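Report on one structure; see the data block that follows.
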Amino acid sequence: MDTITKKAATPDFILASKLQALLRWETFLILIVVLVCVMNSYLSPYFLDPWNLSDATFNFTEKALIALPMAMLIIAKEIDISVAAIISLSSTFMGLVAQMGAPIYVVVLVGILIGAGCGLFNGVLVTRFKIPSIVVTIGTMSLFRGVSYILLGDQVVRDYPDGFDFFGQGYVYWVFSFELVLFVFFALVFYWLLHRTTFGRYTYAIGNNPMASYYSGIKVDKHRLILFTLVGVMSGVAAVLLTSRLGSTRPSIAMGWELSIITMVVLGGVSILGGRGTIAGVVLAVILMGLVTFGMGLLNIPGIVMSIIVGVMLISVVSLPVLITMYKTKKAKAL
Amino acid sequence: MLRRFIYSREGVLSIIVLVMFFGVGVINPDFISLSNSVSIFNDTSILIMLVLGQMMVILTRCIDLSVAANVAFTGMVVAMVNQYFPELNMAILILLSLVIGAFLGAINGLFVWLLKVPSIVITLGTMSIYRGATFLLSDGAWVNSHQMSESFIALPRFEMLSMPVLAWMAIAAIIIVFWAMKYSVWGRNFYSAGGNPMAAFYAGVNVGKVQFYAFLVSGTLAGLCGYLWVSRFAVAYVDVANGFELQVVAACVIGGISIVGGVGTVVGCVIGALFIGVVNNALPIIGVSPFWQMAISGLVIIIAVIANASSDKDKARIILRKPSESIDSAQSH
Amino acid sequence: MNNAIFSLQKVSKVFPGVKALDGVDLHLYPGQVTALIGENGAGKSTLVKTMTGIYQPDGGEIIFNGEPVRFHSPHDSHALGITAIHQETVLFDDLTVAENIFLGNYPMTKYFSIDWPTMVARSQEILSSINAHMDPNQILRELSIGQKHMVGIARALSVDAKVVILDEPTAALSHHEIHELYELVNTLKGQGKAIMFITHKFDEIFALADRYTVFRDGCYVGEGFIKDTNEAHLVEMMVARSIEATYPKKDVEIGETLLEVDRLCHTTEFDNISFSLRKGEILGVYGLVGSGRTEVMQALFGTSNHVTGTVTMSGEEVIIRSPKDAIDNGIVYVPEERQKQGVVLELPIYQNISLPQMARLVKRGQVDQEGEMALARQYCERLQVKSSSWNEKVMNLSGGNQQKVVIAKWLATNPKVIILDEPTKGIDIGSKAAVHEFMSELVDSGLSVIMVSSELPEILGMSDRILVMNEGLIVGELSRAEATPEKVVSLATGGTIPC
Amino acid sequence: ADQVRVALLVKALGIGFFEAAYRGAEEARKELGDVDIIYTGPTSTTAEGQIEIINSLIAQRVDAIAVSANDADALVPSLKKAQQRGIKVISWDSGVGKEARQIHLNPSSNSLIGEMNVQLAADAIKAKGKTSGTFAILSATPTSTNQNIWIGEMKKSLSKFPNLKLVDTVYGDDLADKSFREATALIKNHPDLDVIVAPTTVGILAAAQAVSDLGLTGKVYVTGLGLPSELAGHVHSGAIHSFAIWNPIDLGYSATMLAYNLVKGKGTKTDIPMGRMGTLHVDENGDGAMAKPFIYDASNVDEFSSVF
Ligand SMILES: Nc1ncnc2c1ncn2[C@@H]1O[C@H](COP(=O)(O)OP(=O)(O)OP(=O)(O)O)[C@@H](O)[C@H]1O
Ligand SMILES: Nc1ncnc2c1ncn2[C@@H]1O[C@H](COP(=O)(O)OP(=O)(O)OP(=O)(O)O)[C@@H](O)[C@H]1O
Ligand SMILES: [Mg+2]
Ligand SMILES: [Mg+2]
């Protein structure tokens, strides 16, 4: 223990160490983002165009909105792989009420409420029956989308009220789409929630040691329930945006999104084992993935090749830090 | 003994499967005929083999999401080899599928073993990579039945004792894995490494290596299934077995393989796979609307895991001695 | 000196940031018990792991039977007949007793398969040879902690060992079981095995050991024969200072009744628990391991379900359904399983301290980090937590300091009743004294303390009043004056008070 | 002169039919000389994947997009945006809502396809030596638009075939294993079934395989839409008597020609030239259809199996 040098226990020290922590993974991501930008603008003359970049954001904002609460959920040692199915179910219900002639605000409200309901349902199954969340959500993934199929069958709903297209297609100012602005807003909200509030603190504590958190008076199950519901709510929000962007609903909407969302979160430096990760990391990972796929799209690289690249990125992201520490300890031993 | 089985998780599950099986038989008596039972088993064989591999992986606290992509890649390779060298002996092709599958599994296993990175992330990555590689390899083209040699297609269909080779292969896999998991040190290591890695380490078990073996076996079986799949459906293309990994994991979960490691039996996972097999085969027979099928399978999974979870609850220890119990225990001494 | 069967010479082991072993020597002799003594963190367990091939030493030599050896894995040491019972229970909850005993060393048939019937039969033999009666086919999860320890011991005896290493084997055993263990050690000794025994309890050292070796901060300090030494000498070697009175119980004026528990019942764990606690009192709760003390305390703290009965604080009934309710009512609990239930190892000290009262540390909707820091500083300084900064992860603290963090966390909530469950379990003599001293201070400042302990001297030395539990029931209550070791043990093992 | 850049956006890469269409597009490129073809498509057949690609095509300012859509409605907003940015949009094979494209090139008219599928079933029954019989449909997913349109057309045209009876419609989701299982179940549930009609390439293959595995070759015929290169084996084995498909090469060729001519402003509102394929007549909805699907059987399948 003597090897550790004494440092004054002052708040400045917290700040310094916070900065230090931030300066690792996130800096690395920022560097890559810049690199990708430079490469993309070098490789394609179309890359550095505000409208094109703005268009590119549509490819990830909805997924990114779910990645935010998903990051918190994974930090708290849980996971939800039913999110894409929640989008489908909540879009289906929006479609049904829209068909009955509901006004915009009702449609939106229904979308968000159904999302919240699905999240709550996941949360109740996880906390009430003490089943691992990955197992629960494998089941509800089929259940939620299955219910969409029951309700809609082979129908398609496209009679959304006038003006509903604003959410997924409208612009707030110049090239800034409503989706993008909403994402920035929620990124700030979740940053505040995770890093500034007691709720965020509890999330880390639970993710690191649920038992000790419970013994410290945290209502662990309630917290998990809220997190699942939050993921549901944001899936509902994403469903509103996606439905509005597509202008129509089908049960097969958002197929396979869960994996890209989880990929974003892991790429952002959130530990899949819980307890570690930041919103800044997730946001950067989202931007990185958006830029990489958009850049490759401009070069017309087939999607399946892109998925190879994303797969390699994912594996490197978790392996690199391990390799680096291995190398460091080897060096330390040699000394 | 029998009573113990009936009350165990496996017992409850097999009763549910049997009730389902005969329930469908009431609606359509042909369903429970011997030949149809064989055909359901045959249809489930590939799933069973993949589930056996996945069980080992899950026992060691890992998960292998890349199995379906492995099936697609290996299937494509052997199909293409067969297409260009139709004279090549089937034994060599099967060996090839085992080797390729094992290789892909080993890649997962090495990352988990040597770098200690979470398997869910690794296999999520290799899942995209293997399937992408299938696309690059085939350039998106299919290999069709008439491009495959006769023996390539005939092998899994060849009937012995009125059961196809495919089903016999599954039975062989079940027996081998059952023996290994019960009677070999190598197999018992999966339980100890997953049940308590620290203690396993203290007992001289190399946990990382055991995890590596799990991925190796899972990959090898997936490779074999790759050949079996393209041969059975007589076509190889990029999307082969797309999304099948979830069915494999679901079968494990239904079969009572604990996702947190260390608990699960071969019997359980075979029943879990048969459960899915019976549901898959029964739904079209009893004429359930295709729109209902997905919701039903989701509901079934949820109910099964809830049942599994609650059957665990009674196992708490008891300090207080009820009068009757103390007599019991006194007698047993 | 050269007849040692197993020796370590100049062995070192480095962990990132810690030199756990710094060129230590150790010799074990056939037919003799060597006690290894040292404070918490002296490197004893690390040495055990190095001797059994779990860790590879960074320097030095291991000599077995006069020949240098290298253990690449626990397998190698096992093959030479070196077995160990580790400090942590390292068994498998979901496997059978028999398999737990033979795991890593299965009996095989000639067809290369595990011979289950033989395994069960031999387990039965070994278990009855140590007087542990259980069904080898039972799943370990269904056993009590004490029984599990017996399985651990059976495991160490399953091979024909030449060297047996016991790392704090008695920490979780009951009085009765400890005596059986003593007998066992003597039998093994008689069979000519070399035994190493690690413990923090001096009575055990003097009762069992022939030789001793002392470590301090990863360094070898000295060794010798037990018959040539005494406790004071050993303590001085261990801590390089002398320790004063072991049980510094202060006399505090005892106030009115604060907490009353009335007919607390649980469906399976305990029944009809009634007692009261007064202001400024230390209430000791004694019982054998598994007698249900922890369960009762956890019920008071709101962590167990299926509990009926009433709890009154200062005359008013309170309803406690979760730890939060308990904390709100001024009852806090320092758990037995410190690392699992007490601290969040990955979080810094200051965040651990503030965890139970985050809600009070909010400024403008945000966590007030400076307030948090101030709180942590105040209480950690009061408890003299040793750390480079309050921003250090709890993971990097020694066991005793982790315990202090837990206590600091609770004191910061201004509790009325503090429940300490085995507060000194696995804590060395120096830290132990500090904890006891602190307990005295607590009651002095107006708190009431419930102390669950399995250590008789501690119970007798610190309590104002003693409750004794057996098989889920309170079987007796003794005042400080009437309590004697015989009375307490007799009650705890199901007897009545001898007159 | 500047190159005209035409994007051929397909449902997903790695589908034989679209690879063949790409070859047709390449043929058109060679013929025209001043065209670049961007052949692209998502990893799996999802609308979201196609939209991402449309966004990148807009960014590249291609001159025209010729799309075979995974979803007739979901692509509408982004294709509209493409049009606003001055990109010519046509759909082919599988169409999109008419507000989102200028022309839709049907491989053949839907009613013709529907009728032809029933005709194929009738032919198969005749091949069995029967005059009347039953058939069932094995479709792709329950939500795939053109499948559903064709099934609807098949049902309509049933009145022209009084001797045919449709007994069941099932969905194989374009998955080999599920289609196989559904086909097997069809045969078991309807012991007197004569023909399975699968207007989808995955389905027809799986059904043919199921029939030959059950040893019912000659008893139950499979027919529908498929590619000669994929089905030649089953035609020879006898599981398939005949099947139909339009020529994907011609389709890709025509789509490219149409896109090019729209960019160049050639042709009139109702008639647009498409090179060697003649002129496309467009109706008031912007729909145009190519010729009748071509029927393949044992006599001609080998001739084409090496082509597409
Ligand atoms: N795996 C490890 N990684 C890093 N440091 C370790 C590790 N294991 C032990 N240490 C450190 O090595 C030192 C010696 O620990 P060890 O467990 O050997 O002590 P001990 O003498 O057994 O103490 P106790 O009486 O509390 O059991 C301590 O400072 C401990 O923190
Ligand atoms: N067989 C067992 N397996 C796992 N945990 C056990 C077992 N027995 C007891 N425990 C745990 O150990 C703790 C102590 O249990 P209990 O209340 O029965 O004993 P106690 O009288 O407090 O004894 P001690 O605290 O000395 O172990 C509890 O947290 C309990 O959950
Ligand atoms: Mg120790
Ligand atoms: Mg206790």
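In what follows, every chain begins at residue 1, and chains take the letters A, B, ... in the order their sequences are listed. Here the structure is a predicted model, which means the values were calculated and not measured.
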Engaged part of Ile46(B) at the chain D interface, taking heavy atoms whose separation is under 4.5 Å: neither
Top contributor to chain B interface from Ala176(D), Ser212(D), Ala210(D) [non-hydrogen pairs under 4.5 Å]: Ala176(D)
Segment of Arg232(B) engaging chain D (4.5 angstrom heavy-atom cut-off): both
Heavy-atom check, side chain of Ile301(B) versus side chain of Ile254(B), under 4.5 Å: yes
Toward chain D, the part of Ser39(B) with a non-hydrogen atom under 4.5 Å: side chain
Which atoms of Phe31(B) approach chain D - backbone, side chain, both or neither, heavy atom under 4.5 Å: neither
Per-residue contact mode, Asp139(B) against chain D (heavy atom under 4.5 angstrom): backbone
Segment of Tyr237(B) engaging chain D (4.5 angstrom heavy-atom cut-off): side chain
Thr200(D) and Asp174(D) side chains, donor-acceptor separation under 3.5 Å: yes
Interface residue of largest heavy-atom contact number with chain B, from Leu231(D), Leu205(D), Asp177(D), Thr184(D), under 4.5 Å: Asp177(D)
Centroid separation Tyr227(B) to Phe152(B) less than 6.0 Å: yes
Sub-6.0 Å ring centroid separation between Phe158(B) and Trp168(B): no
Between Ser179(D), Ala12(D), Ser229(D), Ser44(D), the one whose heavy-atom pairs under 4.5 Å with chain B are most numerous: Ser229(D)
Heavy-atom pairs under 4.5 Å with chain D, option from Asn28(B), Asn280(B), Asn36(B) with the top count: Asn280(B)
